[in-house]
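Below you'll find the structure, written out as structure tokens, and then a few comments.
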Protein chains: 2
Amino acid sequence: METGATILDLNQLRRSCGLCALNELCLPAGIGRPDLERLDTIVHHKRTLDRGKALFRQGDTFHALFVVRSGSLKTFVENPAGDVQVLGFHLPGEIVGIDALANDHHLCDAEALERTSICELPYAQLQQVVREVPSLHGQLMRVVSREMVAEQRHLAMMGNQQAQERLAIFLQSLADRYGRLSRDPSTLNLPMSRYDIANYLGLVVETVSRLFSRMEAAGILAVNRKTVRILRPDLLTALCDSSGRSLRSREAG
Amino acid sequence: METGATILDLNQLRRSCGLCALNELCLPAGIGRPDLERLDTIVHHKRTLDRGKALFRQGDTFHALFVVRSGSLKTFVENPAGDVQVLGFHLPGEIVGIDALANDHHLCDAEALERTSICELPYAQLQQVVREVPSLHGQLMRVVSREMVAEQRHLAMMGNQQAQERLAIFLQSLADRYGRLSRDPSTLNLPMSRYDIANYLGLVVETVSRLFSRMEAAGILAVNRKTVRILRPDLLTALCDSSGRSLRSREAG
DNA sequence: CGGGACATTGAGTGGCATCAAGGCGTGTGG
DNA sequence: CCACACGCCTTGATGCCACTCAATGTCCCG
């Protein structure tokens with residue numbers, strides 16, 4: 001009995017937000033010690049998803065927000081005609097499920113791209129904690145806002161950039177996020193398929209494939225299936241805003 | 001003195017959220033009477049913007065959220081290279097400024113498309129009210145979530161649809177929002193320029209112009225400068241998902 | 001070792017951007 | 001009040017980038 005309790009406590013401890021390496025990237029960022037412990041009481045750390053498994057589906061009733069703990073997710077919408085749009089790829093520390101707050105139903109699907117573990121924040125309980133810990137409200141709004149900004153960047157890319165710039169921006173952004181996770185930002189492991197990448201960028205898979213080849217030929221990347229090494233970060237950055245292209249209503253007036 | 005006070009009270013009353021026609025579309029939706037009065041104490045109803053004037057600019061320090069009371073706004077981002085992306089058009093009852101919560105600075109510009117009046121919600125005070133009125137937290141999250149969903153739809157359109165479908169979807173969505181505002185959804189007044197529309201849709205202005213002409217020739221619309229009448233809503237709806245087109249990585253695998 | 005999904009590469013085409021010119025409305029100054 | 005000028009919008013001709021179709025290559029898993 002006693003031993004059992006100890007093990008449980010250890011697990012509890014190891015899995016607490018306070019000890020999580022993602023702490024500063026995640027919802028708890030900037031939350032004080034006692035408040036953190038209160039938040040910890042409601043977080044479920046259990047869920048693990050195999051590659052291809054859904055965390056939730058469009059239409060599911062909303063009951064919790066989720067944070068990626070390890071692994072990665074993609075979120076996407078599918079309209080009645082069957083068109084898919086990948087909305088984003090989610091790395092550790094990033095939150096998903098916010099779109100469901102508006103009407104208590106998820107409006108997109110979330111699927112694991114690899115074996116992925118998830119922290120679950122039951123929303124009813126989260127709201128209760130928000131009442132007790134006011135600073136959590138501000139933090140939650142900040143996290144939501146961060147998601148919106150990411151979507152806006154995605155949108156700006158789709159509206160203005162050529163195919164090659166899109167892929168460059170995508171890789172750059174992934175490298176940045178790798179850096180924040182203290183991974184090597186020059187060696188990217190792409191857990192998603194070429195189809196996913198293409199769809200996310202508003203392109204077809206053949207175009208993405210050709211661009212990888214072209215960038216490899218240019219000495220910018222070393223591409224090996226799902227592993228991409230960035231050999232010339234400077235050239236990659238240059239591609240992100242290479243302005244020798246169309247003006248697609250730059251001056252909206 | 002007494003008269004002055006009375007007039008002031010009347011103005012106060014007329015301008016209160018409780019009496020505002022937008023009540024049910026806006027932040028206060030679903031908030032009870034006493035809580036509403038508390039919210040009212042912090043809302044500034046004063047600002048009016050002339051066409052082309054900025055509500056805020058990219059980089060401005062964040063201090064308040066805003067709700068359109070009458071008129072309309074556009075929000076857009078501009079990158080260092082000068083590329084503009086229109087993120088959205090905002091009709092009465094819709095909130096802007098959420099993107100700034102993440103880092104205390106606005107990340108997009110907001111400009112009036114016509115003479116527009118604005119309710120201002122100073123954020124520091126709003127947070128205080130949220131502490132006193134817990135249901136406001138949920139409502140605020142719902143409003144934010146609604147904005148995210150709109151962005152996701154925008155994204156899905158940019159990623160999957162052809163030019164003609166984009167314009168059809170745009171007009172349809174505008175008509176829907178007109179309906180919710182109890183305006184005639186078959187007679188649209190487009191306060192934004194063709195450039196703005198084109199940019200929002202990820203097209204060039206010539207393409208938009210041609211599409212208007214084509215839809216008019218097809219008897220779907222009657223286009224007269226900024227006024228567009230929808231003659232055949234059924235055909236417009238059909239255009240929104242006319243599936244006789246490419247598959248742009250429909251099946252993201 | 002074989003099958004199937006995923007990825008790459010090539011040839012051809014089409015939709016939308018680009019370039020260019022002209023019409024329309026609006027606002028401004030004489 | 002009219003005339004001019006400017007910006008906005010429309011229409012036409014041309015070209016290019018990315019999509020489409022097709023075939024082959026590669027990896028993974030049974």
Q) Taking only side-chain nitrogens and oxygens of A/T207, does any of them come within less than 4.0 Å of OP1 or OP2 of D/dC19? A) yes
Q. Taking OH from A/Y195 and P from C/dA5, how many angstroms apart are they, rounded to a whole number?
A. 11 Å
Q) Would you say the ring centroid of B/F62 lies under 6.0 angstrom from that of B/H105? A) no
Q | B/R194 (side chain) and D/dG7 (base): donor-acceptor pair under 3.5 Å | A | no
Q. Would you call the rings of A/F170 and A/Y200 parallel, tilted or perpendicular, where under 30° means parallel and over 60° means perpendicular?
A. tilted
Q) Does B/R210 get its side chain close enough to the base of D/dG12, under 3.5 Å, for a donor-acceptor pair? A) yes
Q: Rounded to the nearest angstrom, tell me the gap between atom CZ in B/R214 and atom C1' in C/dG15.
A: 10 Å
Q. Donor-acceptor pair, A/Q85 side chain versus A/N199 backbone, under 3.5 Å?
A. yes
(Q) Assuming nearest nucleotide by heavy-atom distance, tell me which of B/S213 and A/A163 is located more 5' along DNA chain D. (A) B/S213
Q) So, is A/K226 near the phosphate of C/dC6, with a side-chain N or O under 4.0 Å from OP1 or OP2? A) no
Q | Distance in angstrom units between A/I197 CD1 and C/dC6 C1', rounded | A | 12 Å
**Q.** Integer-rounded Å distance: D/dT26 C1' and A/R225 CZ
**A.** 7 Å
Q: To the nearest Å, give me how far apart CE (B/M215) and P (D/dT11) are.
A: 14 Å
Q | From C/dC16, D/dC28, C/dA11, nucleotide with atom closest to B/Q162 side chain | A | C/dC16
Q: Using whole Å, report how far CD of A/E206 lies from P of D/dT24.
A: 16 Å
Q) Ion pair present between B/R51 and B/E111, side-chain N to carboxylate O less than 4.0 angstrom? A) no
Q.
Rounding to an integer number of Å, can you tell me how far B/R51 CZ sits from C/dT26 C1'?
A. 11 Å
Q.
Could you tell me how far apart B/Q164 (CD) and C/dC16 (P) are, to the nearest whole angstrom?
A. 9 Å
Q) Do NZ/NE/NH1/NH2 and the carboxylate oxygens of A/E94 and A/R146 come within less than 4.0 Å? A) no
